[in-house]
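Right, I'll just put the structure down here and ask away after.
Each chain gets a letter, A, B and so on, in the order the sequences are listed, and its residues count up from 1. Reckoned from all heavy atoms, side chains included, excluding hydrogens, waters and symmetry mates.
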Amino acid sequence: MDFNNKLKYWYLQNNRELPWRKTKNPYHIWLSEIMLQQTRVAQGLPYYLKYIEAFPTVFDLAEASEEKVLKLWQGLGYYSRARNLHFTAKYVANELNGEFPTSYKELLKLKGIGDYTASAIASICFNEAAAVVDGNVYRVLSRYFGVATPINSTKGIKEFKELAQTLIDLDEPGVYNQAIMDFGALHCKPQKPLCDQCHIADSCVALEKGLVGTLPIKEKKIKVRKRYFNYLVLKTATGYTILNERKGKGIWQGLYEFPLVETQKSIETLEELVNCEDFQELSLNNTSISLFNEKEIVHKLSHQHLYTKFWVIELEKHAQANISWDVIKEYPVPVLIDKFLTNFQKNKI
DNA sequence: AAGGCGGGGGC
DNA sequence: GCCCCAGCCTT
């Protein structure tokens, strides 16, 4: 049997039952593929179900507010995916009459759709022989064929795409693509792969040469930056606070947060906080300020560690405090803020 | 070509 | 602590 038939045979017996596997509706497939970028199936699945329910068609998604789209995405991370998703939904609904493009080449032009996602949609929905290369495919191919080219180098990306393209099943490209990904996710896993019960182990180069633990090869490690956040949680006597939308390029674009005082190192005293320029700009006088979390909260992103303190500020009124505590949970916020809100409101009762 | 972008889970 | 996850976009 060929490599592709062996994988399809494995898939026949071992595939996961997932909601997006019951359909070829490009809207559903697109939604699932965007959500699963750099995301485990277990984490993405509940979001997929929420989205299908809230936005049954691409028109529903197109008509939704950006805030609603981000709110339902809250917690899934990489929020540019949600913004691009919304942009593309509007484009497909308004410019393409709700019909997704039907080829790899055309799909690739849509915002938020790269090589992987265009290949996935084209193969699954339209039977086009476009090979997907995701983290699973890199691992399976590098091990089975003993390819040591770094998977995140320009050369490696090209090489693995070409190799994958020579292997794809021409009759059922969509099934084959999902088969190799499921095989990578469930069987040829990063840690503790199931080599002793693998049906293609006899022709696996990595197993033969003892390279299963070292392949695939990835170069460059990301550096983690430390940041020190102080959030000013206002509480007016009438029950209002301030939330700001994060703009610009950094993390959490489009999400909301309390007024932020960022410093170069951890703030230890109230006096230090009050002397910060960003604090003084809010002109808070006659207030009572207390530190909510005695122990700094460390919120870890893949490339930043955020050392965070929440300062609760009670005051009579404030010109900018226009968000009622009653509706604060309707705003899309980072997980860091959401966890605080849960704790804060629990303690109050 | 390199860097930025979340959050969770496994070990 | 480190690595990885159905990657993409910007510079």
Does a nitrogen or oxygen in the side chain of W73(A) sit under 4.0 Å from OP1 or OP2 of dC5(B)?
no
Does a side-chain N or O of H303(A) approach OP1 or OP2 of dG4(B) to a distance below 4.0 Å, or not?
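H303(A) to dG4(B) OP1/OP2: no side-chain N or O under 4.0 Å.
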So, Y331(A) versus Y256(A), ring centres under 6.0 angstrom or not?
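Yes, close enough.
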Below 4.0 angstrom, N of the basic side chain to O of the carboxylate: do E330(A) and K71(A) qualify?
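A salt bridge is absent here (no side-chain N lies under 4.0 Å from a carboxylate O).
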Can a donor-acceptor pair under 3.5 Å be found between the side-chain atoms of Q43(A) and the base atoms of dG7(B)?
yes
Salt-bridge test for E208(A) and R143(A): reply yes if a basic N is under 4.0 Å from a carboxylate O, no otherwise.
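No salt bridge links E208(A) with R143(A).
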So, under a plain 3.5 Å distance rule, would you say the side chain of T39(A) forms a donor-acceptor pair with the base of dG6(B)?
yes
Kindly say whether, by distance alone, the side chain of R21(A) makes a donor-acceptor pair under 3.5 Å with the base of dA6(C)?
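Counting by modelled atom types and ignoring angles, a donor-acceptor contact under 3.5 Å is found here.
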Under 4.0 Å between a side-chain nitrogen and a carboxylate oxygen: does that hold for K50(A) and E53(A)?
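Here K50(A) does not pair with E53(A) in a salt bridge, since their nearest N and O are not under 4.0 Å apart.
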Regarding dC4(C), can its base be found pairing with the side chain of R40(A) as donor and acceptor, where the two atoms are less than 3.5 Å apart?
yes
Pair of N/O donor and acceptor under 3.5 Å linking dG6(B) base with S302(A) side chain:
yes
Is the phosphate of dG10(B), meaning OP1 or OP2, less than 4.0 Å from a side-chain N or O of K189(A)?
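So the side chain of K189(A) is outside the cut-off, no N or O lying under 4.0 Å from OP1 or OP2 of dG10(B).
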